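Please find one structure pasted underneath; my questions will follow.
Remember, it's a predicted structure, so these values are computed and weren't measured experimentally. Just the heavy atoms: all of them, side chains too, but no hydrogens, waters or symmetry mates, feed the values below.
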Amino acid sequence: MSSWTICWACVPVMLLIGHCNGGVNLEESGHCDTTSRQCPPPKVEVKRPNIVMVVVDDLGWNDMGYANAEYTTPIIDQLAAESVLLSQYYVQPVCSPSRAAILSGRYPFRDGLAHNVITNGYPFGLPLSITTLADALKVAGYSGHAIGKWDIGMHKWAYTPTRRGFDTYLGHYNALIGDHYTF
């Protein structure tokens with residue numbers, strides 16, 4: 001199985017790194033015996049792209065070298081030059097709603113997550129009825145790995161990353177963890 005990683009660091013950064021070997025529609029490729037519905041493995045392997053998503057809390061569009069020559073960010077600039085760059089979007093004012101929106105594809109106010117940072121002791125999180133981006137990518141053949149600050153529910157195990165579509169998780173469940181240099 002191929003993999004991808006999400007990193008929501010205390011720096012607050014989110015990074016998705018992934019890879020999927022993918023597949024082909026066997027019926028359309030002519031590799032299927034349509035009478036018996038038996039399909040041998042495809043002869044041609046179709047590679048899906050790696051996925052790298054970086055989301056940084058409190059970072060403006062003009063705060064990176066690819067958008068503003070005042071800043072020197074050569075690695076980020078190279079990634080931006082070789083990637084699909086999203087430049088037209090809305091963000092949420094704090095981290096929990098931002099993360100909920102990214103993982104669910106929904107406006108956080110629809111799920112009661114628009115105004116608060118979910119911290120230790122809050123008895124709620126991203127509703128369990130919602131399919132996450134990690135769940136959808138797993139169905140598409142990716143495995144998922146999360147790194148960094150989770151911040152969208154931790155009061156029950158069901159709300160934690162490895163129960164929300166990620167295969168592994170390394171990081172902190174809580175928000176407001178302070179100094180990211182010593183984390």
When you compare the side chain of Pro97 with that of Tyr107, does any pair of heavy atoms fall below 4.5 Å?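 Not in contact.
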If we only count heavy atoms from C-beta on, is the Asn120 to His155 side-chain gap below 4.5 Å?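 No, every pair of side-chain atoms sits at 4.5 Å or beyond.
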Within residues 156-165 or reaching into it, pairs that qualify as side-chain hydrogen bond (donor to acceptor under 3.5 Å, both in side chains) - sequence neighbours excluded: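 Every candidate side-chain hydrogen bond (donor to acceptor under 3.5 Å, both in side chains) pair involving residues 156-165 fails, so no pair, neighbours aside, qualifies.
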A side-chain contact here means heavy atoms from C-beta on lying under 4.5 Å apart; do Leu113 and Ser96 qualify?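 Of all side-chain heavy-atom pairs linking Ser96 with Leu113, none is under 4.5 Å.
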Compare all side-chain heavy atoms of Leu103 with those of Ile152 and state whether any distance is below 4.5 angstrom.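 Yes; the side chains approach each other to less than 4.5 Å.
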Return the CZ to OG distance between Arg99 and Ser104, rounded to the nearest 0.5 Å.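 These two atoms lie 13.5 Å from each other.
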Just to verify, which of Ile102, Leu126, Leu137 counts as forming a side-chain contact (heavy atoms from CB on, under 4.5 Å) with Thr132?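 In the set Ile102, Leu126, Leu137, the residue that makes a side-chain contact (heavy atoms from CB on, under 4.5 Å) with Thr132 is Leu126.
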Thr131 and Asp135: side chain donor to acceptor below 3.5 Å: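 Thr131 vs Asp135: no donor-acceptor pair found between side chains.
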Find the distance between CD (Gln92) and NE2 (His115) and round it off to the nearest 0.5 Å.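 Answer rounded to 0.5 Å: 9.5 Å.
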With rounding to the nearest 0.5 Å, note down the distance linking OG1 in Thr72 to CG in Asp77.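 Between Thr72 OG1 and Asp77 CG, I get 8.5 Å after rounding to 0.5 Å.
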Any residue meeting side-chain hydrogen bond (donor to acceptor under 3.5 Å, both in side chains) with Arg106, in chain and number order, not counting sequence neighbours: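 For Arg106 the side-chain hydrogen bond (donor to acceptor under 3.5 Å, both in side chains) partners, ignoring immediate neighbours, are Asp111.
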Please report the interatomic distance OH(Tyr169) to NE2(His145), rounded to the nearest 0.5 Å.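 If I round to the nearest 0.5 Å, the distance is 14.5 Å.
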Would a 4.5 Å heavy-atom cut-off, applied to side chains only, mark Asp167 and Lys138 as touching?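 Yes, their side chains come closer than 4.5 Å.
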Separation of Thr119 OG1 from Asn174 CG (nearest 0.5 Å):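 Going from CG on Asn174 over to OG1 on Thr119, the span is 3.5 Å.
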Under a 4.5 Å cut-off applied to non-hydrogen side-chain atoms, are Asn68 and Asp63 in contact?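 The answer is no, as the side chains (C-beta and beyond) never meet within the 4.5 Å cut-off.
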Report the distance from atom CG of Asp151 to atom NE2 of His172, rounding to the nearest 0.5 Å.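 Between Asp151 CG and His172 NE2, I get 10.5 Å after rounding to 0.5 Å.
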